[in-house]
Structures are given as C-alpha cells and as structure tokens.
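Right, one structure below, let's go through it.
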Amino acid sequence: MAEADAPGARAFFPAETSLTSLRAAAARCEGCALWTRGTQTVFGEGPAHASLMLVGEQPGDVEDESGRPFVGPAGLLLDRCLARAGIARGETYVTNVVKHFKWEARGKRRIHSKPNAREIRACLPWLEAEMADVEPGLVVCLGATAAQALLGPRFRLTQHRGELQRSPLAGRVLATVHPSALLRAPDEGTRRRETERFVEDLRLAKAALAGAAGA
Ligand code: URA
Ligand code: SF4
C-alpha cells in the first residue's frame with residue numbers, strides 16, 4: 001500500500017466505541033502500512049476511568065512481542081520512576097500515539113525507527129477514542145512525539161517541559177521526556193540527574209491531579 005493511500009484508523013472503528021470494542025477493532029487495524037511490519041497491535045491498558053493517562057511514542061521490541069505497552073526496559077524504568085513519584089502504575093492508563101512497532105533490521109536485532117507524520121496522523125484516532133472513553137484528568141506525554149501529537153508540531157519540549165498545558169485534543173497535558181532518553185544518557189551522572197528531573201515532572205503531574213480533584 002502506498003503511504004499516501006493509507007486509510008487511517010478511523011476506517012476500522014467499531015460501531016460502539018467502548019474500550020473493549022476499540023481494542024478488538026484495533027487488533028485488526030490496517031490503517032497504515034505499519035500493521036505489516038509489527039507482530040500485533042499494542043493497544044493501551046489500565047483502568048477504564050484512570051485519572052492519569054501516560055502516552056508514549058510507539059511500542060518497542062518487547063511490547064511488540066507481548067502485546068502490552070511499556071513492558072520492556074523503558075517501561076520498567078517508567079514503573080520505578082512512577083513509584084518514586086508516589087504513582088501506582090496500575091492506577092494509570094498507559095498507551096502510545098502509534099500502536100504498531102516500526103523497526104529496522106540491524107543484524108538480528110530490530111531497531112526502533114521513528115514514526116513519521118503520516119503514520120502518526122493515521123493512528124491518532126485510536127488515542128483520541130481512548131481519551132474520550134477514559135476521560136483522564138491529566139495526560140502526561142512521554143517524549144516529543146507524544147507531546148507534538150497532542151500539543152501541535154510547534155510545541156518545544158525543551159522549553160515547556162513540566163508545564164501544565166491545555167490541548168484541544170486532550171484537555172490538561174503535561175509533557176516530559178521519554179524514559180528511553182534516560183536509558184540513552186551518555187554517562188552515569190547525566191542519567192542520575194535526568195532521572196531525578198523526570199521523577200520531579202511526575203510529581204508535578206500528581207500534584208496537578210490532586211489540585212484538580214480538590215478544586
Ligand atoms: N516506548 C514507547 O514509547 N512505548 C512503549 O510502549 C515502549 C517503549
Ligand atoms: Fe492501524 Fe495505527 Fe497500526 Fe497504522 S500503526 S496499522 S493506524 S494501529
């Protein structure tokens with residue numbers, strides 16, 4: 001299929017858009033060419049009305065195999081950082097902007113390849129539907145891909161990280177780095193510092209939620 005001909009996820013929407021129906025329909029999505037490359041659709045998971053939604057970029061190698069979001073190395077780091085911020089992963093709804101793993105072969109390994117704007121646009125309806133069902137009080141974007149998908153291509157993570165934003169698509173949004181960026185830190189000192197900043201952003205998210213609940 002030529003990329004320009006990709007019908008997008010909406011062509012595969014179920015008549016009834018509960019999370020359960022959406023998940024089943026997404027498993028059969030051929031909205032862009034990525035379905036031919038990944039093993040399976042990795043839909044979001046978590047409580048149906050979680051107050052906090054976490055949005056990453058796309059599943060990685062481990063997620064592609066298991067069918068669950070953020071269960072590989074970045075996911076384990078995310079879990080530890082959430083716990084340090086006083087957030088139970090099990091109370092959050094965790095998902096990605098793009099639901100199939102995009103990869104390139106390097107020897108025997110499958111290396112993550114960044115989704116392009118067309119693929120993001122094709123897949124976004126699944127995330128929009130997840131947000132409409134879950135109705136989270138706050139969406140935390142993990143990394144620039146998620147942040148720009150929800151806050152627009154001009155959003156600069158380096159300038160507005162950790163700030164409460166308003167998104168026409170998602171309501172209240174806070175953007176921070178992707179946990180895989182912490183794994184790629186060039187040295188131990190940088191990694192430790194960046195991890196502290198990440199945990200601090202998650203604490204801000206928790207405080208913002210508590211503030212909204214009390215308002
Ligand atoms: N990175 C992501 O953005 N999402 C996952 O689910 C795993 C790794
Ligand atoms: Fe459908 Fe998204 Fe997978 Fe493309 S990446 S086939 S739009 S689920």
Side-chain angles (χ1 to χ4, degrees), residues 1-14 17 19 21-46 50 52-82 89-90 92-104 109-131 139-150 157 173 175-185 198 201-202:
M1 177 169 30
E3 274 188 73
D5 298 337
R10 209 164 282 285
F12 298 85
F13 263 38
T17 54
L19 280 178
S21 320
L22 287 166
R23 177 191 303 274
R28 297 185 296 270
C29 184
E30 299 179 5
C32 75
L34 291 184
W35 75 274
T36 60
R37 210 178 313 183
T39 306
Q40 58 190 318
T41 306
V42 179
F43 204 69
E45 66 174 26
L52 184 61
M53 182 180 280
L54 305 171
V55 182
E57 181 184 81
Q58 63 170 336
D61 184 74
V62 181
E63 290 80 14
D64 174 74
E65 295 281 351
S66 72
R68 299 180 54 210
F70 280 105
V71 290
L76 296 180
L77 179 56
L78 173 63
D79 290 357
R80 282 202 302 275
C81 293
L82 284 170
R89 154 103 185 227
T92 66
Y93 187 93
V94 181
T95 191
N96 286 297
V97 173
V98 169
K99 267 51 172 180
H100 269 102
F101 179 35
K102 182 179 182 183
W103 57 276
E104 254 129 59
R109 293 178 61 209
R110 301 189 301 172
I111 304 296
H112 162 274
S113 161
K114 226 175 150 47
N116 63 38
R118 253 194 304 252
E119 290 152 351
I120 291 169
R121 201 172 331 114
C123 208
L124 203 57
W126 293 125
L127 176 60
E128 290 177 318
E130 287 175 296
M131 292 189 300
V139 174
V140 171
C141 293
L142 302 170
T145 299
Q148 294 188 338
L150 296 186
L157 190 55
V173 174
T176 183
V177 294
H178 194 289
S180 67
L182 309 175
L183 295 173
R184 287 194 306 266
F198 181 61
D201 287 345
L202 295 175

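Computed over heavy atoms, backbone and side chain alike; hydrogens, waters and symmetry mates excluded. Whatever order the structure lists them in is the order used to number ligands and atoms, beginning at 1. In this text, all values refer to a predicted model and were calculated from it rather than measured experimentally. Sequential numbering from 1 along the given sequence is applied to the chain's residues.
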Give a yes or no answer on whether the side chain of [X] reaches the backbone of [Y] with a donor-acceptor pair at less than 3.5 Å.
{"X": "Ser21", "Y": "Thr17", "answer": "no"}
{"X": "Glu63", "Y": "Gly60", "answer": "yes"}
{"X": "Thr92", "Y": "Val94", "answer": "no"}
{"X": "Gln40", "Y": "Ala27", "answer": "no"}

Check for me whether Trp126 has a heavy atom closer than 4.0 Å to any atom of ligand 2. yes

With sequence neighbours excluded, what pairs up with Thr95 under the side-chain hydrogen bond (donor to acceptor under 3.5 Å, both in side chains) test? Lys99, Glu130

Quick check on side-chain contact (heavy atoms from CB on, under 4.5 Å): which of Val173, Thr176, Asp201, Leu82 does Val140 satisfy it with? Thr176

In a check of side-chain contact (heavy atoms from CB on, under 4.5 Å) between Thr145 and each of Ile120, Asn96, Leu157, Val98, which one passes? Ile120

Polar side chain donor-acceptor pair, His112 to Glu57, under 3.5 angstrom: yes

Partners passing ring pair (Phe, Tyr, Trp, His ring centres under 6.0 Å) against Phe70 (at least two apart in sequence or in another chain): His178

The protein residues that pass the under-4.0 Å heavy-atom test against ligand 1 are Gly56, Glu57, Gln58, Pro59, Gly60, Glu63, Pro69, Phe70, Asn96, His178

Less than 6.0 Å separating the ring centroids of Phe13 and Trp126? yes

Any idea how many protein N, O or S atoms are nearer than 2.8 Å to atom 4 (Fe) of ligand 2? 1

